[in-house]
Every structure is written in C-alpha cells, then in structure tokens.
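Before any comments, here is the structure.
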Amino acid sequence: MLISSKNINSQINGLTGLKWSFNDLLNETIKAARTLHGAGISQDDVIAIISENRHEIAAITFGALCLNAISAPINFAYTKRKINYKSKI
C-alpha cells in the first residue's frame, strides 16, 4: 500500500501546510526505526513520546512498531500528575 500510494499525501498540517506523502512517511519511519535501534530500543521496550501533535509522531510510532517496541504517546499538555499516572500503566 505504501509503495503503490507513495505520491499520495498521508498527512497534511492544516496550520503550516506541510505535507508528507506515503513515501515521506515510509522514509521517516525507516529513519526513526534505525535511530531507535541505535539507541538500544528493542522488542517489548516501551518508549514514551511527549510532544505536541507533529508529523514525526507517526514516523516514531511506526518506527517503534518495526522493532516490536511499544510506543506510548503522551500529550505535552498533561499535568505532572497525569504523566505520572500514564507512566505507571
């Protein structure tokens, strides 16, 4: 699907107009997986991602999936109490 749809937009930032095609998403996913692997992330590891909504979150999440790791996105607007709660789940 990604390869046959490589020039179709997968994500569009409504504020900035930044567009990622499925090919962009695939390439960024591969980069993220390599970076995570280089940082020692492997199967069943959990990575927390604290960020505003960005295109890169999808690539990092898919990169973690490529390694059979678990991605745990955390909203950057969460309170400290909420982040502590989420980190214990």
Side-chain angles (χ1 to χ4, degrees):
M1 172 66 177
L2 284 176
I3 294 172
S4 64
S5 303
K6 67 181 181 180
N7 294 319
I8 296 173
N9 289 328
S10 67
Q11 299 181 57
I12 302 171
N13 184 316
L15 250 84
T16 67
L18 175 67
K19 297 177 183 179
W20 270 15
S21 67
F22 282 102
N23 192 54
D24 295 329
L25 179 57
L26 177 60
N27 289 330
E28 293 300 321
T29 295
I30 291 167
K31 280 199 275 186
R34 286 180 176 158
T35 300
L36 292 168
H37 184 262
I41 302 299
S42 61
Q43 184 174 347
D44 296 327
D45 285 345
V46 179
I47 60 165
I49 304 167
I50 302 174
S51 177
E52 59 188 9
N53 291 334
R54 298 183 53 92
H55 283 52
E56 293 86 354
I57 298 299
I60 295 167
T61 299
F62 292 142
L65 289 172
C66 290
L67 301 173
N68 291 315
I70 301 157
S71 171
I74 299 174
N75 188 320
F76 80 102
Y78 281 170
T79 63
K80 182 178 179 180
R81 181 175 173 224
K82 184 89 166 186
I83 291 172
N84 285 336
Y85 171 76
K86 290 280 189 182
S87 69
K88 293 176 185 169
I89 294 179

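What's counted below: heavy atoms across the whole structure, side chains too, no hydrogens, waters or symmetry copies. One is the number of the first residue; the rest follow in order along the sequence. Everything quoted here is computed from the prediction, not taken from an experiment.
- Residues meeting the side chain to side chain contact (heavy atoms under 4.5 Å, CB included) test with Asn27, sequence neighbours left out: Asn23.
- Every residue two or more places apart in sequence or in another chain that forms a side chain to side chain donor-acceptor pair (under 3.5 Å) with Ser21 is listed here: Asp24.
- In terms of the side chain to side chain contact (heavy atoms under 4.5 Å, CB included) criterion, residue partners of Ala64 (sequence neighbours excluded) are, by chain and number, Leu36, Ile47, Ala69, Ser71.
- Note: Leu65 CG to Ile60 CD1 = 12.0 Å, rounded to the nearest 0.5 Å.
- Residues meeting the side chain to side chain contact (heavy atoms under 4.5 Å, CB included) test with Glu52, sequence neighbours left out: Arg54, Phe76.
- For residues 31-40, the side-chain hydrogen bond (donor to acceptor under 3.5 Å, both in side chains) pairs, not counting sequence neighbours, are Glu28-Lys31.
- Taking each heavy atom of Ile57 and Ser51 in turn, the nearest pair found is CD1-CB, 3.6 Å.
- Listed by chain and residue number, Tyr78, Thr79, Lys86 satisfy the side chain to side chain contact (heavy atoms under 4.5 Å, CB included) test with Lys82 (two or more places apart in sequence, or in another chain).
- Annotation: the span from Asn9 atom CG to Phe22 atom CZ amounts to 8.5 Å, rounded to 0.5 Å.
- The shortest heavy-atom contact between Ala58 and Leu25 is CB-CD1, 4.1 Å.
- Environment of CG in Asn13: crowded, with over 12 heavy atoms of neighbouring residues, nucleotides or ligands closer than 6.0 Å.
- The stretch residues 44-75 participates, sequence neighbours left out, in these ring pair (Phe, Tyr, Trp, His ring centres under 6.0 Å) pairs: Trp20-His55.
- Atom CD1 of Ile49 is separated from atom CD1 of Ile74 by 9.0 Å, given to the nearest 0.5 angstrom.
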